[in-house]
Every structure is written in structure tokens, then in C-alpha cells.
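Data block below; observations after.
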Amino acid sequence: MSKLQLVKSGTPQPRPNGAEPEFLKGLNPAQYKAATTIAGPVLIVAGAGSGKTRVLTYRIAYLLSQGVSPHNILALTFTNKAAAEMKERIAKIAGEGAGHRVWAGTFHSVFARVLRSEAEHLGYTKSFTIYDADDALSLIRNIMASMGISQQQFTPQSIRSGISWAKNQMMSPHEYALSANTLPEKQTGAIYHEYEKRLRANNAMDFDDLLLNMIRVLKNQPEVLKKYQELFKYILVDEYQDTNRAQYVAIQLLASGHKNLCVVGDDAQSIYRWRGADIRNILDFQRDYPNAEVVRLEQNYRSTKNILAAADAVIKNNQGQIKKTLWTENAEGDKITVLGCPSDREEAEAIVTVLKRQMREKDFDPKDFAIIYRTNAQSQQIEDSLRRANVPYTIVSGVSFYKRKEVKDTLAYLRLAVNPTDSESLLRIVNEPARALGKTSIQAIQLYAQENNIPLFEAFKNATKISTIQKRAQISSVQFSQLIEKFTLLKDEIPPAEFAVQYIEATGLLRMYKEQETEDALDRWNNIQRLLSHIAEYSARTENPTLEEYLEQIALISDLDITDTTKDHVSLMTLHAAKGLEFPVVFIAGLEQGLFPLGKAENDNEEKEEERRLFYVGITRAREKLFLTYAERRYRFGELSYSRPSEFLEEIDSTVLEYEGAFGMPAAAPQRRTGFQSPGFATGNNTFKNANNEVFKNFQSGGFKSNSAPASRPAFKSSQPRQPFYNDIQKQEYHSQIPVNTGALKVGVRVKHQMFGEGRVEAINGEGTQKRALVAFQSVGRKHLMLQYAKLEVIG
DNA sequence: CTCAAGTCTCCGAAC
DNA sequence: GAGACTTGAG
């Protein structure tokens, strides 16, 4: 292909020798340097809102204009959404074809694509299945059950995160076992070993394997390494501060030939330490590549001066942060508004009220707003309020659709047709709908498979030979295997969309839900239909659609129905999901001690610094106006809990803050409760410090001191009584009877027990004499302890 | 073996 | 409070 064809007419043709393309003209000097320094290693330190995405896009467009082939460019982004947007922007500058031929995607999706073609080197087949976190979890549950390890004592989740941590450190089961000291670690090691064995037997990889196997194949197959080093002549890595050890190694391998590696990141926005991100990757880049060019993007084009001042004030409380001076030519802008509310429900109402007021007075549209929170669970209240107020909204990512049972079941059927050795998928749906194959029969069949060393699916085919199960189960097993086999053969004969419809119809899953005739079952039936139409959509927009590819996309693109920015919706999302986005108006909700920062961070400085970076990310999403909200009491785990406002609020200069109590709402506010006067909360003119000090007096962290309970406040005598509100009161009075001496014992604290030694409190249940704590001990795993008997000493 | 009712975990973020 | 998992009667 000639290099001229790569550039669409209408964009400037590359002129030979140094003449520069038109599109670079709008860049500032630092951006220009970042976009055009294409040879050798480059580190771009890009502050929030400094035009990073633009620079990356232009850099790729520039590469293309210099005659680089699109398929020689690898751009690794943190989300698939970011990759898709980048491709789109490149397409606009350099032409449709070029834009789409660039290798752009997440580490996981790009590596999955590579691994499909190199699977044989690893002992896998092309159609390997990708297990998401939930699949991995149920595999671990099965393993624990078969190994006779109590799931009460060791949660499958903790085992899984242990395994994932080991994988991210590139530790084999053997290495992990060698370094294991405590009992939980030893158990994890044993399970890890079996887990790896079963993944292989199932022809399946988990998320971590996509990175590890990539490294494996590059390290062990020199010709494969060479091939991809040649292919990926220019490598760009976005969000480099959030890469983990395995990603780091993979990049090193790929880039070690030509060294045209450009990494972009901001240490202040590193928010994925918990999943293995290693901030040293960015801090040490210059050591890894001594001749690296370093470009700093410090001019912010996004936010007002006040918003930047707040962000700066917050982040400077972190010790381990590269010094950076972010500045802007933008206007000073409005002050940041803090909204204090009595409850989570009223917080949600206040957000919606203020949001509507902003739309009315400042002429904003719904799409100009984002509501951001620390935990997914917070979305519910806000959703309810938005729905009641008829404000259109979408939730970015979130748990939702693909995690639903019926959807996962449908996907398991499809996976099984693609990869019949996938025993996890098989076990998931073998009795869904009921086929008279219960626990006992399945255990017997599993045993048979094990003894004869054949895949589970083969055992089902040969069920008539298994004398330990009943005749009825034998027949049922054979019928089931015949159903799957029939469609395994049909799979490549008809288009994926049609196939899926016929197949799922034949499984009886749809009929089962239809016959139940409950509202819930109808919902589930609809969800399966939605999934089937989604496959049809995928098929329609893809050149050579295959079921394998569709399933891979589903596994790797969790937020597939991501925010449609063309639609006029308010966006709801977690702080993590907000990274990389921007909105004119941003609400950050739930700024409470114990929620944001999370309780676990309270006594752990590194955790707290990460929470602070998360807050920094949140603040810098806002262009014009930022609201910070908190609730004095909120439901968590179905129980009411109290907390004081987040310590992060104190870190912001009072000069850029203004304060609005929930009852300083305009008269039009529907939930207005006159009479409420929280000290210092009333109107906007108090400086925050004053208000804050008052609040601290009233709300002791984690305690339930009787006179701090706000039961006597007139606010509870609502003129518009709502049922849940009164429930709040009852519950809360109940709570105030809890003996004060257990106040310091709460979820997250470390405790010491005479016999079991040190551990961490994971949950507290029950009341009064029945109150008990679930403690994870280093020595013996998890134990339920009655507090009135177990003398637990709180040690921090 | 199956279904309904009871129990337990979850709410720490996501490829 | 929801959803997944467990348990016990038919």
C-alpha cells in the first residue's frame, strides 16, 4: 500500500522532508513536541485536562503522515472505550481505513487477539474461553469444594485475589507455595495449583493469563517475539501509571527491538494499586530508558482556576507524588459547593434538585452532568431520585446486564458450543433448565471423568457406562450431550446470530422462563432476548462475525453498553470509571469518612494516598462547576450507619468553597423540610471550617453516643412523611442501645485474640448480646466470634 | 430430585 | 436490601 493512500483527501498530504501537517498547528509547544518526537523512548507526563488524548491522537496521525503503516502502530489504552474513541478521532484526521487498522485496545483485548493466533504454542486451541472474575470465582468454589476446604473459613474471593496478585507478580503456583507462610497463604497456594490445572484442562484463560501467556509466548518462542517486535514498530501506552508488573514486562519485550516506545501518564492519577498497578513503572521510566525524552504537559485546558486550586490543595497532602505545576488560562469560575445532607436519600434528592436548578438557570442539558461516587451501591438512591424527577440518566459500566444469571447462563451455553472442554460453563447450565441432573448425579459423572481422565463433556456422552447414577440420569445426560454436540457442529454452518437464536431456543431456557409466568421470569426472558439481539447487532456491524469473537468481546468489554455521548443523559459512574472523562458539571457524592476515603484507608497511609488520588481524579473531571455532597447517615449492608464528613473536605482551601445545607434549598425544592437547623449548615455564608467543626462535635466516628443521635431534630417531623424515613428513626433508636464500649470495634480494624492471634474484622452482625464479629485471622482464617465471650483487643 | 423458604454475603474499584 | 447459596420437606 502506498503511503498516499493512507491519507484521506481533504486532509493535508504529507509533504516530504519536514513539512508539517496542518493538524499540528493547534498544539502548544509541549504538546507539539509530544506528538512529533516519534523515534526512541518518550515519557509524556500529562496532568489532568492537559490535552493528553488529543496529543496521543495527533501523534498517531503524525506517524501515519510520516508514512508509518497503521498496522505497525500499537496503542494500548486502559479501556476499550478509550481505544474506540481514539480510533474514531484518528479516522477523522487520517481517514477511515487508517483509523481502524491501527492496533488499539486494552492490554487484554490486544493480547487476546494475538494469543488466538499463537494459542498452539501454549498448548491451547484457538477457541479458548476467557473467564471473567465471576467465572474464576466459581471455578475456585468448585475447587475448594472438591478439596474439602471450608468456604466459611477462607472466602473464595480472598483466594481469588491472592491468586490474581501472584499472577500479577508473575509467580507460579510453585513459587507462591514456597513463599507462603501463613495458613491462608498455604491454602491459596494449593488452590492456585489446582486452579491452573483446571484452566488448562478447560482450554480457558482468566484475565491475568492474557498478560502472562503473552509474556510466556514472547519469552519462549523467539520467532514469535521477533514477529511482534517487527509488527509493532511504534508502541504507545496510555495511563502508564496504572500498568502492573506483567504489563510492564510485556511492553519491555515488545519494545526492546526498535525502542519506539511512548508512555503517557500522571502519577497523581494512579488509582489501581489494588489490582497490581505499580507506580514505579512510570517513576522509573527514565532509568529503564536513560535516553528517553521527557515531555511535561502542564497547561490545563479543562477546568476553572477554582477547580484546579481545589485539586491542587488536595493532592499536595500526598507525600509520594511527583511535583507538578498545573496551571490554566481559564476563568476563575464559581466556587465549589459543598452540600451537606441528613441522609443518603436526601443527598440524592438534593443532587437532583440542584441539577434541575442548574439546567433551568444555566441552560445546561442532562448530558452536561456527571454524578460520581466511590462504590457502585451508591447509585441506587440517586437513580431512584432521578427516575422520580424524570431526568434521563445512564449508568456507566456498573454491574448490570452481563452479570445477570440468565445472561451468564445463555453465554455459558454459547461458550460450550465453541469450546466443549469448558467444564465450568458446562456445570453452570447442565441443570438449567432442570434436566433431573442434580448434585449427586453430577458428582458421580465428575468422578467418572476424573478416573478415566477424560473431559467432563465426554463423560456426559458416555453416561450409560456410569453405573453409579440412575437410569433416568444416564438418559438425561446423553440427551444433554447430544443437544450440545448437535449445535457444536451447526455452529460453523450458519451465521452466529441465527445460530444463537436456534440454539438457545433448543436448550429450553427461554421456554422455562416463559412458563414460569412471574414478573421476574419475564424480565429474565426479556434479558435473554436482548442478548440475542445484541449478537445480531454485532453480526451486522462486523465484517466476519464469529461467535468466538463475540464472546471474547463480551468477556473483555464489561461496559459494552457504555455511555452513549450522543444521547442527552446524566451520567452516573464510579470514580474509577470517571477517569479520562470530563463534564461541565460534576457531583461527587458520599464524601464521608469511612466511605470516601473508605474505612480501610483510615489507618493505612498508602491506601489513603490512593483514595486521595481518586478524589483528585474526581475533582479534575469538572470543567465549570463542582459539587461535593455527603450524608450524615446512610444505609450500608441494609443497615443504617452514621459518619462524619470526609477529611478530604478539610483539605480544600475554604476560600474556594461555599457551603449549602440541604435545607438551604430554594423554596421550590420538593423535599424541603423547614425547621431543620444543623449547626452551621443553614445557609451558604458560613466558612466551611466553622461548619465542619460543628459537625465533628455531633458525629463521632463510628460511635453511637446517645446524645449525638439526631432523633430530637425537628427535621424528622417531615411535612411530607415518607415511610422509609420513619423506619430510619426506629432503626436508629435501636442502634443507640448498643453498648458504647464496642464503639471502636468496627469493620476494617485489626484485633487481637488470645488464641487466634491477630486478624482483621470483616463484618459485624447482630445486636446486644447476640452481636458477633467475623474476623479474618492470619493463623486460622475466618472465624465468627460472639463479642460477649471473645475478648477482642482492638490494635489499630 | 425439586422447589420454597431460610441464611449468608455483599458494598472496594474493573480488564 | 438484593442476590446467591443452603437446607429440608415433599
Side-chain angles (χ1 to χ4, degrees), chain A residues 76-83 105-112 130-134 136-138 141 145 151-152 155-157 161 164 168 206-211 239 242-244 246-247 271-277 344 372-381 396-399 402-405 408 431 433-442 469-470 472-473 476 516 520 552-560 573-579 590 594-601 607 610-611 614 617 634-641 724 727 731 747-748 762-763 765 774 782 784:
Chain A
L76 295 168
T77 56
F78 211 66
T79 65
N80 286 294
K81 190 173 65 183
T106 62
F107 279 88
H108 293 85
S109 62
V110 169
F111 288 3
I130 297 169
Y131 283 178
D132 68 16
D134 283 344
L137 202 60
S138 59
R141 281 203 190 96
Q151 301 189 19
Q152 299 292 316
T155 57
Q157 284 88 340
S161 65
S164 181
N168 282 325
D206 67 12
F207 284 152
D208 300 321
D209 286 336
L210 295 175
L211 307 177
E239 310 284 7
D242 281 327
T243 51
N244 64 28
Q247 289 167 326
I271 55 174
Y272 283 94
R273 199 173 69 106
W274 51 272
R275 72 175 206 208
D344 50 352
I372 310 178
Y373 35 78
R374 180 66 180 82
T375 66
N376 274 312
Q378 287 167 258
S379 75
Q380 287 229 324
Q381 290 281 1
V396 177
S397 128
V399 262
Y402 296 101
K403 289 211 169 147
R404 304 189 66 113
K405 182 185 183 302
K408 291 219 81 164
N431 205 30
R435 292 187 175 91
L437 293 168
K439 218 174 177 178
T440 342
S441 317
I442 288 168
I469 58 171
Q470 302 207 327
R472 185 169 143 212
S476 190
Q516 284 177 14
D520 181 67
E552 177 176 311
Q553 285 191 12
I554 294 302
L556 296 177
I557 309 178
S558 55
D559 42 16
L560 200 72
M573 69 194 88
T574 63
L575 283 141
H576 284 87
K579 190 167 77 159
L595 181 61
F596 191 24
L598 278 170
K600 198 183 164 185
E607 289 275 356
E610 177 136 321
E611 296 284 310
L614 202 47
V617 167
R634 133 179 353 262
Y635 276 101
R636 292 183 83 183
F637 299 104
E639 289 202 340
L640 197 62
S641 66
N727 288 343
K731 254 203 153 150
V747 173
E762 294 197 333
N765 300 305
L774 178 62
R782 305 164 87 222
H784 279 286

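All figures in this text were calculated on a predicted structure; none of them were measured in a lab.
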Hey, does A:Phe107 reach any base, or is it just sugar-phosphate, or nothing, if we go heavy atoms under 4.0 Å? nothing
Atom-pair distance (CD1 on A:Ile271; P on B:dG12), nearest Å: 17 Å
Can you tell me the distance, in whole Å, between the CD atom of A:Gln157 and the P atom of B:dG12? 11 Å
Heavy atoms under 4.0 Å, any strand shown: does A:Glu607 hit a base, just sugar-phosphate, or nothing? base
Please state how far atom CD1 in A:Ile372 lies from atom C1' in B:dA13, giving the value in whole angstrom units. 14 Å
Between atom CG in A:Leu210 and atom P in B:dA14, what is the gap in whole Å? 18 Å
Presence of A:Gln378 side-chain N/O under 4.0 Å of B:dC11 phosphate oxygens OP1/OP2: no
Answer yes or no as to whether B:dG12 has its base stacked against A:Trp274, where stacking requires a ring-centre separation under 5.5 angstrom and planes under 30 degrees apart. no
Phosphate OP1/OP2 of B:dA14: any A:Thr574 side-chain N/O under 4.0 Å: yes
What distance do A:Asn168 atom CG and A:Thr243 atom OG1 have between them, rounded to the nearest 0.5 Å? 11.0 Å
Tell me the closest heavy-atom pair linking A:Thr79 and A:Thr77, and the distance in Å. O-OG1, 2.9 Å
Under 4.0 Å, heavy atoms only, any strand: does A:Glu610 hit a base, just the sugar-phosphate, or nothing? nothing
Within this structure, what is the CZ-to-C1' distance between A:Phe637 and B:dC10, rounded to whole angstrom? 6 Å
Is the A:Tyr272 ring parallel, tilted or perpendicular to the A:Trp274 ring (thresholds 30°, 60°)? tilted
Within the 4.5 Å heavy-atom criterion, are A:Gln247 and A:Leu76 side-chain neighbours or not? no
Between B:dC11, B:dC10, B:dA14, which nucleotide has the shortest distance from any of its atoms to the side chain of A:Ala377? B:dC11
Between A:Arg374 and A:Leu598, what is the shortest heavy-atom contact and its length? NH2-CD1, 3.3 Å
Answer yes or no: does atom CD of A:Gln157 have more than 12 heavy-atom neighbours from other residues, nucleotides or ligands under 6.0 Å? yes
Measure CD/A:Glu239 against C1'/B:dA14 and give the value in whole Å, please. 14 Å
Measure all distances between protein nitrogen or oxygen atoms and nitrogen or oxygen atoms of nucleotides 1-5 of chain B, and list the pairs falling under 3.5 Å.
| unit_1 | atom_1 | unit_2 | atom_2 | d |
| --- | --- | --- | --- | --- |
| B:dC1 | OP1 | A:Gly438 | N | 2.8 |
| B:dC1 | OP1 | A:Ser441 | OG | 2.6 |
| B:dC1 | OP2 | A:Thr440 | OG1 | 2.9 |
| B:dT2 | OP1 | A:Ala436 | N | 2.8 |
| B:dT2 | OP2 | A:Asn431 | ND2 | 3.2 |

Using heavy atoms to find the nearest nucleotide of DNA chain B for A:Ser109 and A:Arg374 separately, return the residue whose nucleotide is more 5′. A:Arg374
Under the 3.5 angstrom rule, does the side chain of A:Glu610 hit a backbone N or O of A:Arg273 as a donor-acceptor pair? yes
When you check the phosphate oxygens OP1 and OP2 of B:dA14, does a side-chain N or O of A:Asn376 lie under 4.0 Å from one of them? yes
Anything under 3.5 Å between a protein N or O and an N or O of nucleotides 2-5 of chain C, put it in a table, one pair a line.
| unit_1 | atom_1 | unit_2 | atom_2 | d |
| --- | --- | --- | --- | --- |
| C:dC5 | OP1 | A:Arg141 | NH1 | 3.4 |

Using every non-hydrogen atom in the two residues, find where A:Thr375 and A:Thr574 come nearest and quote the distance to one decimal. C-CG2, 4.5 Å
First locate atom OH of A:Tyr373, then atom CD of A:Gln378, and finally report the distance between them rounded to the nearest 0.5 Å. 8.0 Å
Heavy-atom donor-acceptor pair, A:Ser476 side chain to A:Arg435 backbone, under 3.5 Å: yes
Candidates B:dA14, B:dC10, B:dC11 - which lies nearest the side chain of A:Arg636: B:dC11
May I have the distance from A:Leu137 (atom CG) to B:dT9 (atom C1'), rounded to whole angstrom? 12 Å
